[in-house]
Trainee: 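Starting off with a structure, shown below.
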Amino acid sequence: MTAPPLDRDRSLATRARTPARQATPIPATATGIVTGREQDRLAATLGTLLHAERTARGWSARHLASRVGATASTVTRLERGERRPSLPMLRALAAELTESTGEATSLLVRLTAAAGASLVQGNPGTERRRARRTLRARQAAVRAAFQEQRDREQSERPTRITRRALRRIAQHSAALDLRKATR
């Protein structure tokens, strides 16, 4: 009679019988990754237009990205043609880069035409996350502006000197005068 195998031995035996899983590559067309001629075309059309609009306002890629709820690398990759744009991303970019609704619509049409066939459908989960990031960034900006305003008001407000503080100052100056006199 043989002893039953240990649990560890059983799991090793099970692993030995199952074939190793092969990693299935994700096709480049399914992701936002762009290669070859498409990258050159996107960089020449969409990237140039986006870069020109951003720099005309004096904004960095990080500043624009924070306003649309994306990362700075997303904006720079769009400008270099290394990423396929989604329609919701282009809408957000157009809205932030313009002053009025009419200008935003005009810029969106130009951005969409520049993206051409590389335009991908937006993912609802991604759009929700972007909206939350944008909201958090705007709330942080409001908090920072409020704190700055409060600090400015406090620095302009005259300080009140209490009687007790005046007495201490007088005692301290009297003590200093006494020390100088004894030297």
Trainee: Which value, rounded to the nearest 0.5 Å, describes the distance between D40 atom CG and E38 atom CD?
Mentor: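 Here the interatomic distance stands at 10.0 Å.
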Trainee: Can you sort out the partners of A61 under side-chain contact (heavy atoms from CB on, under 4.5 Å), two or more places apart, ordered by chain and number?
Mentor: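 In terms of side-chain contact (heavy atoms from CB on, under 4.5 Å), with neighbours along the sequence ignored, A61 is linked to R54, V75, T76.
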Trainee: Check the surroundings of atom CZ in R132: do more than 12 heavy atoms from other residues, nucleotides or ligands lie under 6.0 Å from it?
Mentor: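 Above 12, so yes.
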Trainee: Stepwise, does the side chain to side chain contact (heavy atoms under 4.5 Å, CB included) test hold for L93 with L78?
Mentor: CA-CA 11 Å; L93 289 168; L78 282 170; 4.1 Å; yes
Trainee: Would a 4.5 Å heavy-atom cut-off, applied to side chains only, mark S73 and R83 as touching?
Mentor: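 No. Closest side-chain heavy atoms not under 4.5 Å.
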Trainee: Mind checking side-chain contact (heavy atoms from CB on, under 4.5 Å) for T126 and listing every partner two or more places apart, or none if nothing turns up?
Mentor: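 Listed in chain order: N123, R129, R130.
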Trainee: Tell me every residue that passes salt bridge (charged side-chain N to carboxylate O under 4.0 Å, His left out) with E53, counting only those two or more places apart in sequence or in another chain.
Mentor: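 Here the qualifying residues are R57, R110.
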Trainee: The test is side chain to side chain contact (heavy atoms under 4.5 Å, CB included); show your working for R91 and L111 and say whether it passes.
Mentor: CA-CA 9 Å; R91 269 193 208 110; L111 289 172; over 6 Å; no
Trainee: Please tell me whether Q147 and R150 have a donor and an acceptor in their side chains that are separated by less than 3.5 angstrom.
Mentor: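 Checked: Q147/R150 side chains pair up, N/O donor to acceptor below 3.5 Å.
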Trainee: For L90 and L46, run side chain to side chain contact (heavy atoms under 4.5 Å, CB included): C-alpha distance rounded to whole Å, both residues' side-chain angles, the deciding distance at 0.1 Å, then the answer.
Mentor: CA-CA 10 Å; L90 292 182; L46 178 69; 4.1 Å; yes
Trainee: Quick one: closest heavy-atom pair of A65 and A72, and the distance?
Mentor: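 Heavy atoms only, the tightest pair is CB-N, 3.6 Å.
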Trainee: Residues in salt bridge (charged side-chain N to carboxylate O under 4.0 Å, His left out) with R138, at least two apart?
Mentor: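 Expected list: E96.
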Trainee: In sequence, state the C-alpha distance, the side-chain angles, and the governing distance for L107 and E103, and then conclude on side chain to side chain contact (heavy atoms under 4.5 Å, CB included).
Mentor: CA-CA 6 Å; L107 181 59; E103 292 174 5; over 6 Å; no
Trainee: Can you tell me if T55 uses its side chain to pair, donor with acceptor, with the backbone of H51 under 3.5 Å?
Mentor: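 Flag set: sc T55 to bb H51 pair under 3.5 Å.
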Trainee: Can you tell me if S118 uses its side chain to pair, donor with acceptor, with the backbone of R84 under 3.5 Å?
Mentor: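 Judged by distance alone, no pair lies under 3.5 Å.
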Trainee: Ignoring hydrogens and angles, tell me if any N or O in the side chain of T48 forms a donor-acceptor pair with the backbone of A43 under 3.5 Å.
Mentor: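 Yes, T48 side chain to A43 backbone: donor-acceptor pair under 3.5 Å.
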Trainee: Can you tell if the side chain of P85 reaches within under 4.5 Å of the side chain of L119, non-hydrogen atoms only?
Mentor: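 The answer is yes, as the side chains (C-beta and beyond) meet within the 4.5 Å cut-off.
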Trainee: Determine whether more than 12 heavy atoms belonging to other residues, nucleotides or ligands lie under 6.0 Å from atom CZ of R152.
Mentor: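 More than 12 heavy atoms, drawn from other residues, nucleotides or ligands, come within 6.0 Å of this atom.
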Trainee: Is the closest side-chain heavy-atom distance between L50 and L97 below 4.5 Å?
Mentor: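 Of all side-chain heavy-atom pairs linking L97 with L50, at least one is under 4.5 Å.
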Trainee: Run the side-chain hydrogen bond (donor to acceptor under 3.5 Å, both in side chains) test on R136 and Q139 for me, step by step, so that the C-alpha distance in whole Å, both residues' side-chain angles and the decisive distance to 0.1 Å come before the verdict.
Mentor: CA-CA 5 Å; R136 283 194 297 265; Q139 287 171 341; over 6 Å; no
Trainee: Using the salt bridge (charged side-chain N to carboxylate O under 4.0 Å, His left out) criterion, which residues pair with R133? Sequence neighbours excluded.
Mentor: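 In terms of salt bridge (charged side-chain N to carboxylate O under 4.0 Å, His left out), with neighbours along the sequence ignored, R133 is linked to no residue.
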Trainee: Who pairs with E99 by salt bridge (charged side-chain N to carboxylate O under 4.0 Å, His left out), at least two apart in sequence or on another chain?
Mentor: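 E99 satisfies salt bridge (charged side-chain N to carboxylate O under 4.0 Å, His left out) with no residue once adjacent residues are dropped.
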Trainee: For Q121, look at atom CD and say whether over 12 heavy atoms of other residues, nucleotides or ligands are found less than 6.0 Å away.
Mentor: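 Atom CD in Q121 is not packed in, count stays at 12 or less.
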Trainee: Can you establish whether the number of heavy atoms outside R80 located under 6.0 Å from its atom CZ is more than 12?
Mentor: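 Enclosed.
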